[in-house]
Amino acid sequence: MKQYSWMLAAVMIAAPLAVQASCETVKADINQKIINNGVSAGDFTLDIVPNDQVDQAGGQVVGHCANDTQKIVYKRNGAESESVPASTGTSQDAPAS
């Protein structure tokens with residue numbers, strides 16, 4: 001019976017650590033997929049936030065972990081402050097004169 005109690009205590013201590021490790025693994029997988037799609041690692045951030053704080057985090061939910069109790073939120077760095085000039089584009093976009 002003592003051995004059972006010891007094992008139960010060990011599982012209860014290790015469970016939160018395993019959940020966090022699983023969230024970090026999911027975050028790393030999503031991070032790699034975004035980079036593989038051609039986005040520079042410095043152009044975005046991924047944050048792990050509890051479900052009730054997703055609205056305050058801003059950004060787009062791109063994944064979930066910890067039995068869907070936490071979300072992974074994607075945010076572009078500097079995207080809000082950068083504006084694209086109206087002249088941006090190719091010569092094919094210019095109206096014919």
Side-chain angles (χ1 to χ4, degrees):
M1 187 67 170
K2 280 187 174 184
Q3 187 177 25
Y4 176 74
S5 297
W6 180 82
M7 289 175 55
L8 181 61
V11 167
M12 290 180 68
I13 291 170
L17 298 174
V19 167
Q20 184 62 26
S22 111
C23 282
E24 289 297 327
T25 302
V26 172
K27 179 181 171 184
D29 290 344
I30 293 171
N31 188 58
Q32 191 59 51
K33 287 179 183 180
I34 293 170
I35 291 170
N36 290 345
N37 282 326
V39 179
S40 175
D43 290 345
F44 69 95
T45 58
L46 293 176
D47 297 316
I48 300 171
V49 296
N51 283 349
D52 60 350
Q53 296 177 7
V54 170
D55 292 335
Q56 293 88 7
Q60 179 180 359
V61 175
V62 293
H64 59 90
C65 58
N67 291 325
D68 205 23
T69 61
Q70 297 199 31
K71 302 288 186 210
I72 300 171
V73 178
Y74 168 88
K75 290 187 248 181
R76 289 199 60 121
N77 296 336
E80 296 80 20
S81 62
E82 294 178 11
S83 60
V84 179
S87 62
T88 303
T90 65
S91 60
Q92 294 173 345
D93 295 334
S97 338

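None of the values given here were measured: they were computed from a predicted structure.
Note that SG of Cys65 and CD1 of Ile30 are 8.0 Å apart. Values are rounded to the nearest 0.5 Å. We find the CD-CG distance between Gln32 and Asn37 to be 10.5 Å, quoted to the nearest 0.5 Å. Rounding to the nearest 0.5 angstrom, the gap separating the CZ atom in Phe44 from the CD1 atom in Ile34 is 4.5 Å. Put simply, CZ on Arg76 and OG1 on Thr45 are 11.0 Å apart, with the number rounded to the nearest 0.5 Å. The distance from the CD atom of Gln70 to the CG atom of Asp52 is 10.0 Å, given to the nearest 0.5 Å.
A single hydrophobic cluster is not seen to contain both Val26 and Val61; linkage of ILVMFWY side chains at heavy-atom distances under 4.5 Å, directly or through other members, places them apart. Both Val62 and Ile48 belong to a common hydrophobic cluster when Ile, Leu, Val, Met, Phe, Trp and Tyr are linked at side-chain heavy-atom distances under 4.5 angstrom.
Contact record, Gly58 with Val73: O-CG1, 2.9 Å, taken as the closest heavy-atom pair. The two atoms that bring Cys23 and Ile72 nearest to each other are O-CD1, 4.3 Å, heavy atoms only. Closest of all the heavy-atom pairs between Asn77 and Gly42 is ND2-O, 2.8 Å.
The backbone N or O of Leu46 lies less than 3.5 Å from no partner atom in the side chain of Asn31, so there is not a single donor-acceptor pair.
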